[in-house]
Number of protein chains: 2
Amino acid sequence: MQRVTIYSVAQACGVSSSTVSRAFTRPDLVNDEVRQRVLDTAAQMGYRPNRSARATATGRTGMVGLVVPDITNPFLPPLVRAVQRAAGLAEWSVLLVDAEGNAAAEARLINQLQGQVDGLILASPRARPDALREAIRDLPAVLINREVSGLPSVVCDTAQALSKIGDQLLQLGHREVALLGGPVDSWAAGQRAAAVRNWAVGAGVVLDELGPFDASFEGGRDAADHMLRTGATAAFAFDDVMACGVLAELAARDVAVPGQRSVVGCDDVLMARMVTPSLSTVTAPTDQLGGVAVDLLHRAIDTPSARAEARTLPGRPVLRGSTGPAPSR
Amino acid sequence: MQRVTIYSVAQACGVSSSTVSRAFTRPDLVNDEVRQRVLDTAAQMGYRPNRSARATATGRTGMVGLVVPDITNPFLPPLVRAVQRAAGLAEWSVLLVDAEGNAAAEARLINQLQGQVDGLILASPRARPDALREAIRDLPAVLINREVSGLPSVVCDTAQALSKIGDQLLQLGHREVALLGGPVDSWAAGQRAAAVRNWAVGAGVVLDELGPFDASFEGGRDAADHMLRTGATAAFAFDDVMACGVLAELAARDVAVPGQRSVVGCDDVLMARMVTPSLSTVTAPTDQLGGVAVDLLHRAIDTPSARAEARTLPGRPVLRGSTGPAPSR
DNA sequence: TTGAAAGCGCTAACAA
DNA sequence: TTGTTAGCGCTTTCAA
């Protein structure tokens, strides 16, 4: 029993190999009856188009590279899923690459993807803009949660949501608030910090800018320690993971949340609901982020000349158990 | 400026295309000096071997499919990373496929991978054995955390670790213990249940078998509810996620952990350290699981005739804050 | 140690 | 609407 190719199918059908090929790739160009016959015998013979051969012939691999800075960051798996689902709809396979938290590795990994994929989706990459652009070369690429001029991107705008949560804190009586900063090479960290700063000025509250801290549980514990040395009664953590660390450290020190301190996260990862108290945070529209990214990549591939589009999707504020009235003095 | 191929490099070097090809794939077959010259000009011209063309010629894609049942399960991302790292060492790219928690989708997805990859790594697949075997067909495949006769596999043995934790509970005075069962189609759930049962018989403790529950936070809350209706002072949850749900529900009902109830998880996911109290659990040797899986796949590909090997790696018990002395009556 | 040439399975002009 | 044919870029005999 031989490998089944378009040739064996063609022979079995009494047509030429091109007809078989067309039956699969350009069904409209083939007589209905013939096409059906081809498809049937192909199915029956267990024919599966050889992706590699197709790729050599067309120059398209049918694969997209998805590069993530750190797959263990709980924000990413749902995003990976979203991208995967959207890509699947476009008949794309996803080549996942994890930079293992190493910003320097990103460029190298992107490089390795060259020639293996039709396009790139980069989820909140940490590499510097020039390194990024050089690694990407002329491969169509889309960024998620980061903007770099000249590259298409889709980001979650957390500014509005954060400011809404801020207003809530204000109403709850908080007058001094801490900003627990995230990694300096994180674009999102910059955006979020700016948003909180902006809100603080408008709201007239005292803002204690602390950090940068590691975007991790331990970083959060560290941040809580610093926060307790200020007069802040509430804190915006860079993300939910850090916020969880803050909660843990506060609990360890018998500082009641939300009784004595309020804590706000960002991203709304699965864990945000699981901790006690549950985290007030900003929900990112993960599915849409993935969908739009794939969509933009489609365009970037089909119309390489088109101007890079920078899209923004709003985050949604969610108030849960970790925010409450400021303690009375 | 044209695409650079072995031909352009060959021309620039004054050698034949086969020599260029060899310089990359069989360097030993080429004169040292010539090879160096070829490699240098290739690098300088920015030559990158075309994976697809190579694949059509050799019949090897240089890719492995990694199928996971649910990428949002926190146990998996570290495993994905481990597999990816090991695969990278073998010059393999990883095509990640997420079944989105849908057992039925697994077989379909595996099927789609046919012809696209050289082999398959299936992380704790849920599909039934026959469906699995049929989907795999004659693609080399390795299972992680599941055993199916005839297929190579590497699993984490949690039995010893669970029994050790059980012994600890015994010493702490627990005499009635609950087993919060996981999904029935999970092989690991079966193994863990058997381990706990076994230990319980040997230790002479009363075992309340409850469930099956959903392997989720909500499933854990549900399980806690059931547990509280028994006399159990300690519980083995199917996994850490479920255990977190148990902790949350107990906290919500003001049942102190570990004061009134002890809780044991399994897997030692990141979250296990983050919850309060931190979870006593079983640490899986994730990196090794990934490494061995890739190793086994290597063999399965190189020696298709070889007998399927079923390897076992021990889990390690970790006692943290969620286990303590049984409450005195 | 090297080169010529056939072929991997498929697509895409072009012609019929 | 179909078939013929020439590639896609690479590997791999086979001869030299």
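Only this structure's heavy atoms are used, side chains among them; waters, hydrogens and symmetry mates stay out. A, B, ... follow the sequence lines: proteins, then strands. Residue 1 opens every chain.
- Enclosure of atom CZ in B:R48 by more than 12 non-hydrogen atoms of other residues, nucleotides or ligands within 6.0 angstrom is indicated.
- In this structure, B:S52 reaches neither bases nor backbone, as no heavy-atom distance under 4.0 Å exists between it and the strands shown.
- Heavy-atom distances to DNA chain D give each of A:D28 and A:S18 a nearest nucleotide, and the one nearer the 5′ end belongs to A:D28.
- The listed nucleotides are C:dC8, C:dG9, D:dT2; the one nearest the side chain of B:A57 is C:dC8.
- Between B:R60 atom CZ and C:dG7 atom C1' the separation is 18 Å, expressed in whole Å.
- Contact annotation: side chain of A:S17 to base of C:dG9, donor-acceptor pair absent below 3.5 Å.
- Position along DNA chain C of the nearest nucleotide to B:D32 versus A:P49 favours B:D32 as the more 5'-ward residue.
- In this model, the phosphate group of D:dG3 is approached by a side-chain N or O of A:S16 to a distance below 4.0 Å at OP1 or OP2.
- Where B:T19 and A:S21 each meet DNA chain C at their nearest nucleotide, the meeting point lying more 5' is that of B:T19.
- Listed here is the closest heavy atom pair of A:R54 and A:F24: NH2-CB, 4.4 Å.
- For A:T58 against C:dA12, a side-chain-to-base donor-acceptor contact under 3.5 Å is absent.
- When heavy atoms are screened at a 4.0 angstrom cut-off, B:R26 is found touching no nucleic acid atom at all.
- Checking C:dC10, C:dT2, D:dC10 against the side-chain heavy atoms of B:Y7 singles out D:dC10 as nearest.
- Here CG of A:L29 is found 7.0 Å from CZ of A:R22. Values are rounded to the nearest 0.5 Å.
- Picking from D:dG9, C:dT11, D:dT11 the nucleotide with the shortest atom distance to the side chain of A:R54 gives C:dT11.
- One distance of note links OG1 of B:T19 with CZ of B:R35; it measures 12.0 Å at 0.5 Å rounding.
- Side-chain atoms of A:A53 lie closest to C:dC10 of the nucleotides C:dC10, C:dA12, D:dT1.
- Contact of B:T56 with C:dG7 (side chain to base): no donor-acceptor pair of N or O atoms is detected under 3.5 Å.
- Residue side chain B:R48 does not reach the base of D:dG9 through any donor-acceptor N/O pair under 3.5 Å, judged by distance alone.
- Atom C1' of nucleotide D:dT4 and atom CD1 of A:I6 are separated by 13 Å, given to the nearest angstrom.
- If B:Y47 and B:R22 are placed on DNA chain D by their nearest nucleotide, the residue sitting closer to the 5' end is B:Y47.
- The CG atom of A:N50 sits 17 Å away from the P atom of D:dG9 (whole-angstrom rounding).
- We find that CZ of B:R35 is positioned 15 Å from P of C:dG3, with the value rounded to whole Å.
- Taking a 6.0 Å sphere around CZ of B:R37, one finds it holds more than 12 heavy atoms contributed by other residues, nucleotides or ligands.
- With distances taken from any side-chain atom of A:N31 to the nucleotides C:dT1, D:dT1, D:dT11, the minimum falls on D:dT1.
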